[in-house]
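In what follows, a structure is listed as structure tokens, so that the remarks can point back to it.
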Amino acid sequence: MVTHAKLALLVVVLFLVSVATGPVWWPWRLGNEVGWAIVLDLRLPRAVLGVLVGAALGLSGAVLQAWLRNPLAEPGVIGVSACASFAAVCAFYSGLAAAFALALPLAGITGAALAVAGLMMAVRAGTGTVSLLLMGVAINAIAAALISLVLALAPNPFAFQEIWLWLAGSIADRDMRHILVSASFIVAGAGLVLMNRRWLDALSLGEDAARSLGVDTRRLGLWLTLAVGLMVGAATAVAGMIGFVGLVAPHLVRAHVGFKPGATLVPSMLVGAILVLAADIAVRVLPTSYELQLGVFTSLVGAPFLVRVIRRTRASWLAA
């Protein structure tokens with residue numbers, strides 16, 4: 001509980017720093033309509049989305065690593081992020097994103113729902129975790145190929161640049177409408193996971209062991225697939241591709257709370273929010289001509305961490 005309180009306090013501190021950070025520092029000190037417009041219209045939605053997106057990715061990573069019993073699992077591994085991105089890219093390409101403000105997040109959620117539907121069919125058929133993982137890789141590959149095809153067919157360089165910038169991941173220039181659309185799905189997905197947290201502990205022992213303890217693994221798999229799809233789909237729809245948060249957050253938490261999956265869920269949510277808020281603050285203060293995309297920054301920082309995890313995993317396999 002003390003760990004939770006400390007992490008929550010750090011989230012609050014970074015939230016306030018995020019609201020204060022930018023070309024105009026501490027804008028509310030100006031005490032006029034312009035200063036408060038900056039806070040309410042630009043900074044506050046960005047900070048709120050940082051918390052929502054980070055919490056969704058962190059919790060999804062913790063669920064997938066426990067469910068698939070794979071320390072390298074992260075939200076993009078089951079193909080939901082890639083499908084959400086492809087649907088959003090189609091919204092860009094068709095012009096719906098320019099004509100309808102909510103077309104982008106709604107398209108992303110629709111793409112995520114289609115990916116989840118395919119995975120649910122696999123779970124209903126009794127597919128094991130290894131097969132489910134391979135199916136996710138296949139979905140990722142297909143969605144990535146389709147995204148490349150859409151980019152190649154972009155009608156002009158400006159459309160190509162707009163699509164690429166969105167794919168690179170960012171929570172800048174978002175408003176309260178994006179929050180309203182994404183928050184309900186993220187909260188619903190998080191609620192499903194937390195309601196089934198004690199069964200996730202049993203599932204982490206293996207499907208056969210979980211069944212011997214009385215767990216309906218097929219039903220639990222349906223709920224977990226739906227929950228991860230809702231969270232990752234909504235987060236990707238409003239923020240684009242932000243990688244490695246779902247991988248890093250559970251690993252940072254596990255060293256302090258132990259290896260019981262249920263105990264890692266809430267801390268992983270908080271650490272995910274911390275990572276996204278901290279990364280978003282960093283891209284604003286870096287001395288670059290243009291603000292670096294959030295997804296690019298998290299990939300640059302997260303890739304070395306992935307190499308470290310792979311080396312540790314390989315060492316444990318060799319030792320066994």
Side-chain angles (χ1 to χ4, degrees), residues 56-57 59-93 107-153 163-164 166-169 185 189 193 203-204 206-207 217-237 239-247 250 295 298-299 302-303 306-307 309-310 313-314 317:
L57 296 178
L59 179 57
S60 298
V63 171
L64 289 174
Q65 288 179 18
W67 183 17
L68 302 178
R69 300 186 300 282
N70 189 332
L72 302 179
E74 64 101 20
V77 75
I78 61 172
V80 179
S81 294
C83 286
S85 296
F86 170 65
V89 166
C90 289
F92 273 119
Y93 185 81
I109 291 170
T110 301
L114 293 175
V116 172
L119 292 168
M120 278 185 169
M121 292 174 61
V123 174
R124 288 196 184 100
T127 300
T129 55
V130 174
S131 298
L132 186 64
L133 181 64
L134 293 175
M135 182 172 291
V137 172
I139 292 174
N140 261 326
I142 294 171
L146 291 174
I147 290 173
S148 298
L149 177 62
V150 173
L151 287 173
L153 298 175
I163 294 172
W164 183 89
W166 183 86
L167 286 172
F185 292 93
V193 171
L203 188 61
S204 68
E207 293 183 2
T217 55
R218 184 174 299 184
R219 181 179 179 183
L220 180 58
L222 286 170
W223 286 123
L224 294 179
T225 302
L226 176 61
V228 172
L230 286 172
M231 291 188 292
V232 179
T236 305
M241 298 288 284
I242 300 178
F244 294 100
V245 174
L247 173 71
T298 58
S299 296
L306 175 61
V307 173
V309 172
I310 292 174
T313 304
R314 181 174 179 272
W317 287 340

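Here, residue 1 is the first one in the sequence, and each next residue gets the next number.
- Between A237 and G108, the shortest heavy-atom contact is CB-CA, 3.8 Å.
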Cut-off 3.5 Å, no hydrogens considered: what does the side-chain donor-acceptor table look like for residues 137-153, sequence neighbours left out?
unit_1	atom_1	unit_2	atom_2	d
N140	ND2	G76	O	2.3
S148	OG	A144	O	3.1

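- For the pair T236 (side chain) and M241 (backbone), a donor-acceptor distance under 3.5 Å is absent.
- Interatomic distance, S60 OG to W67 CH2, rounded to the nearest 0.5 Å: 11.0 Å.
- Of all the heavy atoms in A73 and L247, the pair that sits closest is O-CD1, 4.2 Å.
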Open item on the list: I'd like to know whether C83 forms a side-chain contact (heavy atoms from CB on, under 4.5 Å) with L114, so could you lay out the CA-CA distance, the side-chain angles of the two residues, the decisive distance to 0.1 Å, and finally the verdict.
Closed with: CA-CA 8 Å; C83 286; L114 293 175; over 6 Å; no

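- Annotation for L57 and I242: closest pair CD1-O, 3.6 Å, computed over non-hydrogen atoms.
- Shown here are the side-chain hydrogen bond (donor to acceptor under 3.5 Å, both in side chains) partners of E74, two or more places apart in sequence or in another chain: there are none.
- In terms of the side chain to side chain contact (heavy atoms under 4.5 Å, CB included) criterion, residue partners of A62 (sequence neighbours excluded) are, by chain and number, P250, T264, L265, S268.
- Between V80 and G233, the closest heavy-atom pair is CG1-N, 3.9 Å.
- Between A115 and G79, the shortest heavy-atom contact is CB-O, 4.1 Å.
- The two residues S299 and G295 have their closest heavy-atom pair at OG-O, 2.9 Å.
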